[in-house]
Amino acid sequence: MSTASSTGALDKFYASETARIARGFELSGNGRLAVQQRTELAGTLVVKLWRTMLGEEARGFALAAIGGFGRGELFPHSDIDLLFLCAEAPPTAVKLNISTLCRELWDAGLRASPVMRTLGECDRLDTGNVEGALSLLDCRFLVGDAALFRQLHDDLLPRLVRREWQSLVQGVAQLARDRHGKFGNTIFHLEPNVKECPGGLRDQHTAYWLALIAALDKQRAWPDRASLVPSALQVQFGRACEFLADVRCFLHYRHGRDDNKLTWDAQEQAAASGIGLSNRAAVDAASWMRTYFQHARAIHRFMSQVLEDIPPARSSLFQQFQQWRSRVSNQDFSVVGGRVFLQQATAISDPDLLLRLFGFIARHGFKLSADTERRAEQVLPTIAERLPRGPALWSHLREILLAPHAAPTLRAMHSLGLLTQIIPEFKLVDSLVLRDFYHRYTVDEHTFLAIENLQRLNGSDDDRERRFAEMLSEVKESDLLYLAVLLHDLGKGGPGDQHVQSSVAIAEGILERLGLNEHERETVIFLIANHLELSATLRRDIFDSETIRNLADKIGTPERLQMLCLLTWSDIKSVNPAALTPWKAEMLWQLYIATVRRLNHSVDQERVHGDEAQVARVISTFPDRATEIREFLNGLPQRYLRTYAEQAAFHFQLVSQLRNGAIQLSLNLNRDLFELTVVTGDRPGLFATIAGFLFAWGMSIIKADAFSHNSGIILDTFHFSDRFGTLTMNPPERERFKRNLEEVLCGEANLEKLVLNRLRSERPGTPPVKIEPKVEFDGQCSSHSTVIEIIAQDRPGLLYDVASLLAAEQCNIEVALIDTQGHMAVDVFYLTSERRKLDSERQQRLAAQLIAELH
């Protein structure tokens, strides 16, 4: 047979067989079968051409399939990778025949990618071309000198791997890391590449190569390929690979080329054709993409497990760091190379220990070892019913949410199925796709990103983000904020398009199960119910006072405004990388500032009248004293009940006890801050005295509220941190602290002496940022007080100095709103003098004195 006549026949044969395979795929959707058939077809053509051009025998010369062709995975438009193996450099005539063979393949429609190497060249590892060595690992004999090929396959390659396994493994791992980096290290893309993206087919290959190299090094012989995947993952991993094979085949046939991008239109068509689905039933595109992401996650998980076993080449400093991290091992968990192992493998069957395991990795940023992960996965179905419930579960979940590595830990729990065991409603958003170009990620990943973005605020060096970071540091109930973020979009998995209302309804059931108290439930529900409120307001004129007034009325307190602002910030930022533009972030900040000012500047004008639901709740504590409670609440500004609804009944008790003592004190440790409440009769300089006393004891005032009751009673609340651990480390000191405060307030102890002692021991450092002091007066926003806003560099004793100066000027503090934003103190006082507003002359004098004091 002449070459021309042979190739002509082969062209027709290849075309007809290719069409037959395509029709078969169209009918069955079986990608694996299609690539197997095309592999066999390509092999047939290559061998026939070889025999036509080089003869049946070619001593010292062999042809092998490598790469995807060698693995038997030749997709409809994939290149065929060929190795022309020779014992020594071939003569020119043979080279010409090989060139002709490759050209004939191209003419027939097969894109050949040939390489010609001697055995000696195959025995050298080019670290700059690790892919070349990997393609040899998939070599498969086609035709020619079989003995020569066996030398390569049976002797040379195993020896090469044993000799170079470390460089090979490092090279493969680095290729994977680089590729993942190009795709943002996430499987979640609107239009993913089913081959190259994390969770794609290349991850399958990489995991296979790494496992193969490890087995070759260990066994010194070619292993059974089926044994390379752990038995526990074989079913899930196998299904995922088959799904992606179906999808890639579909894309090749649809695009008519080696194009692996799952475009928007391709998703619609694949879903309508049920590509990859066992019943081939048509589904909507969002549901189909949900299946895609679930399979991609399975592959990515296995790939990550294998990759984690490959420590990157690190410096000795890194190794020292890893050794230091390993010292956090305890009686339950040991840490080796940043991965957590169980001290006793059987202990994983303890549900409490399983949750503590995730609290451990959330706190330290470790990852589960592959062995620990497999054991957890195996035991989970058997202990699901014994997992902690109610407050015990909330305690575990709270620890994870507040830990610095909460987001990756939640991802790991979700991947294992643990998260949906403790919050079954999370299944609603598992891999849920929102098919619009605005949302980049699935709903579950968006949620984890929102938590992650909040966490990352702490280390941000961006000026705009630092403002929100300072705000986050001031949130007292950050656990409730993170819980709200975790639950805020669950309604997207339910029917209808009103996801906010659905999320609220779903969250109410979860919060009830977790055993949160009424205040905590109200706070989380408020955040979820209003998590779009600020975004919606940003679409209005935020400089219109009416807009701000309406928003402030809806939110009620600065504390809730802070949490809602942070939830909004993280929610927008986690939609897609470009969603939170600098302009939008600035507008959100301006909206926050305008609203918090509105909340602060109207605090003394509104009394409690009309808040019947909240009043009734306080009365329910002492139902037989309803009249007294109403008188107590109606004597305070409305902001009081909005801020201290939970403490109102207790404060009423303190006021009632004034008949037994002129000063009533309460000191509680709430999370990391102490809360001091002082109830007593009003007197000049009282606020300054308490501030000075706290400074003298080395406390740092974070927030303070001063409420003046119509009856002449003062209710002051200070939130402070214990800088030196005086009260934290020594609980008995708390009683001495309260006795000393009573002595100071009664004039039995010398405050000035205490303050001087503290000043002698203070060693002021250089502040990292310089805050220029500002003093502004507003005589319009209050009907009977002059409002003064002071912005200054925060420092120990600042509040005492300011309050003392105001007292010296015979100013009475009607309301004080003390706030600290990072290194900046923002203090607002409502002042009167002889029950009247301050005149302009006094304002100027005060301003001059304050500026001089604050510089």
Exercise for the section: Indicate yes or no: at least one non-hydrogen side-chain atom of Pro577 is less than 4.5 angstrom from one of Tyr441. Expected result: yes
Practice task
Salt-bridge test for Arg339 and Asp371: reply yes if a basic N is under 4.0 Å from a carboxylate O, no otherwise.
Solution key: no
Practice task
Search all heavy atoms of Leu201 against all heavy atoms of Cys241 and return the closest pair with its distance.
Solution key: CD2-O, 4.3 Å
Exercise for the section: Only counting residues at least two apart or in another chain, list the ones meeting side-chain contact (heavy atoms from CB on, under 4.5 Å) with Arg239. Expected result: Val235, His295
Handout entry: Test item: Glu520 side-chain N/O and Asn517 main-chain N/O as donor-acceptor pair under 3.5 Å
Key = yes
Fill in the blank from the handout: Here the gap from Ser574 atom OG to Arg440 atom CZ, rounded to the nearest 0.5 Å, amounts to 12.5 Å
Exercise for the section: Nearest 0.5 Å please: distance from the CD1 atom of Ile348 over to the CZ atom of Arg375. Expected result: 9.0 Å
Practice task
Determine whether Leu516 and Leu480 make a side-chain contact, defined as any pair of heavy atoms from C-beta on separated by less than 4.5 Å.
Solution key: yes
Handout entry: Any residue meeting side-chain hydrogen bond (donor to acceptor under 3.5 Å, both in side chains) with Trp569, in chain and number order, not counting sequence neighbours
Key = none
Problem - Of Glu477, Glu474, Lys476, the residue whose pairing with Gln562 passes side-chain hydrogen bond (donor to acceptor under 3.5 Å, both in side chains) - result: Glu474
Handout entry: Results of side-chain contact (heavy atoms from CB on, under 4.5 Å) for Asp430 - residues two or more places apart only
Key = Arg290, Gln294, Arg297, His414, Asp444
Exercise for the section: Could you list the residues that satisfy side-chain contact (heavy atoms from CB on, under 4.5 Å) with Glu522, not counting sequence neighbours? Expected result: Glu518, Arg560, Arg617
Practice task
Could you name each residue pair satisfying salt bridge (charged side-chain N to carboxylate O under 4.0 Å, His left out) that touches residues 378-395, not counting sequence neighbours?
Solution key: none
Problem - Heavy-atom pair with the smallest gap, counting every atom of Ala579 and Val575 - result: CB-CB, 4.0 Å
Handout entry: Donor-acceptor contact present, side-chain Asn530 to main-chain Phe526, <3.5 Å
Key = yes
Handout entry: Straight-line distance of Leu428 CG to Lys492 NZ, nearest 0.5 Å
Key = 13.5 Å
Problem - Under 3.5 Å: donor-acceptor pair, side chain of Thr442, backbone of Leu432 - result: no
Practice task
Mind listing the closest non-hydrogen atom pair of Thr568 and Ser535 along with its distance?
Solution key: CG2-OG, 3.5 Å
Problem - Asp217 (side chain) donor-acceptor with Ile213 (main chain) under 3.5 angstrom - result: no
Practice task
Determine yes or no for a side-chain-to-main-chain donor-acceptor pair under 3.5 angstrom, with Asp350 supplying the side chain and Asp352 the backbone.
Solution key: yes
Exercise for the section: If the plane angle is over 60° it's perpendicular, under 30° parallel, otherwise tilted; pick one for His189 and Phe183. Expected result: perpendicular
Problem - Atom of Ile701, atom of Phe720 and distance for their closest heavy-atom approach - result: CA-CB, 4.0 Å
Handout entry: Asp178/Lys182 salt bridge by N-O under 4.0 Å criterion
Key = no
Problem - Minimum heavy-atom distance between Thr728 and Asp722, given as atom pair plus value - result: N-OD2, 2.8 Å
Practice task
List the steps, then state whether side-chain contact (heavy atoms from CB on, under 4.5 Å) holds for Tyr592 with Arg467.
Solution key: CA-CA 11 Å; Tyr592 165 75; Arg467 299 181 301 190; over 6 Å; no
Problem - SB check Glu425 Arg513 (cutoff 4.0 Å) - result: yes
Practice task
Give, for atom OG of Ser349 and atom CD of Gln378, the distance between the pair rounded to the nearest 0.5 Å.
Solution key: 12.0 Å
Problem - Side chains of Gln331 and Gln343 in contact at under 4.5 Å (non-hydrogen atoms) - result: no
Problem - Pairwise side-chain contact, Met699 with Leu676, heavy-atom cut-off 4.5 Å (strictly under) - result: no
Handout entry: Backbone N/O of Leu727 and side chain of Arg734: donor-acceptor pair under 3.5 Å
Key = yes
Practice task
Check each of Asp479, Leu410, Leu481 against Leu401 using the side-chain contact (heavy atoms from CB on, under 4.5 Å) test, and report the only one that passes.
Solution key: Leu410
Practice task
Evaluate side-chain contact (heavy atoms from CB on, under 4.5 Å) for Leu368 paired with Leu357, printing each intermediate quantity in order.
Solution key: CA-CA 9 Å; Leu368 296 179; Leu357 169 64; 3.8 Å; yes
Problem - pair Ser570-Ile451: side-chain heavy atoms closer than 4.5 Å - result: no
Handout entry: Side-chain (Ser415) to main-chain (Ala412) donor-acceptor, under 3.5 angstrom
Key = no
Practice task
Indicate yes or no for a side-chain donor-acceptor contact from Ser700 to the backbone of Arg723 under 3.5 Å, with no hydrogens or angles considered.
Solution key: no
Problem - For the student: nearest non-hydrogen atoms of Ala211 and Leu228, plus distance - result: O-CD2, 3.7 Å
Exercise for the section: Quick one: sort the His531 and His488 rings into parallel, tilted or perpendicular, breaks at 30° and 60°. Expected result: perpendicular
Handout entry: Separation between CG of Leu472 and CD of Gln455, rounded to the nearest 0.5 Å
Key = 9.5 Å
Handout entry: Worked verdict on Leu566 versus Val485 for side-chain contact (heavy atoms from CB on, under 4.5 Å)
Key = CA-CA 10 Å; Leu566 288 163; Val485 176; over 6 Å; no
Practice task
Find out whether His180 and Met303 are in side-chain contact, i.e. whether some heavy atom of one side chain is under 4.5 Å from a heavy atom of the other.
Solution key: yes
Practice task
Check whether any side-chain heavy atom of Phe674 sits under 4.5 Å from a side-chain heavy atom of Leu694, and report yes or no.
Solution key: no
Handout entry: Whether Trp589 and Phe468 hold their rings parallel, tilted or perpendicular, with breakpoints at 30° and 60°
Key = perpendicular
Completion exercise
Value for CG (Leu487) from CD1 (Ile510), rounded to nearest 0.5 Å, stands at 5.0 Å
Fill in the blank from the handout: Taken in chain and number order and not counting sequence neighbours, the residues that satisfy side-chain contact (heavy atoms from CB on, under 4.5 Å) with Asp462 are Ser460, Arg464, Glu465
Practice task
Applying side-chain contact (heavy atoms from CB on, under 4.5 Å), run through Asn330 and Phe360 and close with a yes or a no.
Solution key: CA-CA 10 Å; Asn330 57 33; Phe360 185 77; 3.6 Å; yes
Problem - Validation row: Leu483, Leu397 side chains within 4.5 angstrom (heavy atoms) - result: yes
Practice task
Report yes if the distance between the aromatic ring centroids of Trp697 and Phe724 is under 6.0 Å, otherwise no.
Solution key: no
